[in-house]
Amino acid sequence: MNSDSDTLGVCPDCGNSISHSWKLIEYQDESGTTRCFAECTSCEKVVKPE
Ligand SMILES: [Zn+2]
């Protein structure tokens, strides 16, 4: 078993998978889609997981 279901997505800059534990904030865009910001442990900065 892998833990892919526990990830928010991947970093748009480096492709590192980001787990839910690194989520910072969640918000909804204009179309009501839930999006979030998270910290990439590889880049050590805040990114929008894809
Ligand atoms: Zn990154």
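Hydrogens, waters and symmetry mates play no part in the numbers below; they use all other heavy atoms, side chains included. The shown structure was predicted, so the numbers you read here are calculated from the model rather than taken from an experiment. As the structure lists them, so they are numbered: ligands from 1, and atoms in each ligand from 1.
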> Does the pair Thr41 and Asn16 meet the rule for a side-chain contact (heavy atoms from CB on, under 4.5 Å), with working shown?
CA-CA 8 Å; Thr41 53; Asn16 183 47; 3.3 Å; yes
> Do you know which two heavy atoms are closest between Ala38 and Lys23, and how far apart they sit?
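Closest heavy-atom pair between Ala38 and Lys23: CB-CA, 3.9 Å.
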> Taking the Zn ion (ligand 1) as the centre, how many protein N/O/S atoms fall inside a distance shorter than 2.8 Å?
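For the Zn ion (ligand 1), protein nitrogen, oxygen or sulfur atoms under 2.8 Å: 4.
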> Of all heavy-atom pairs between Cys11 and Val47, which one has the smallest distance, and what is that distance?
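The answer is SG-CG1, 4.0 Å.
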> Surrounding CD of Glu44 (heavy atoms of other residues, nucleotides or ligands, distance under 6.0 Å), is the total greater than 12?
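Count not over threshold, so no.
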> Starting from the C-alpha separation in whole Å, work towards a yes-or-no answer on side-chain contact (heavy atoms from CB on, under 4.5 Å) for Thr34 and Glu26.
CA-CA 7 Å; Thr34 302; Glu26 209 172 63; 3.4 Å; yes
> Step by step, work out the side-chain contact (heavy atoms from CB on, under 4.5 Å) result for Leu24 and Val46.
CA-CA 8 Å; Leu24 298 174; Val46 176; 3.5 Å; yes
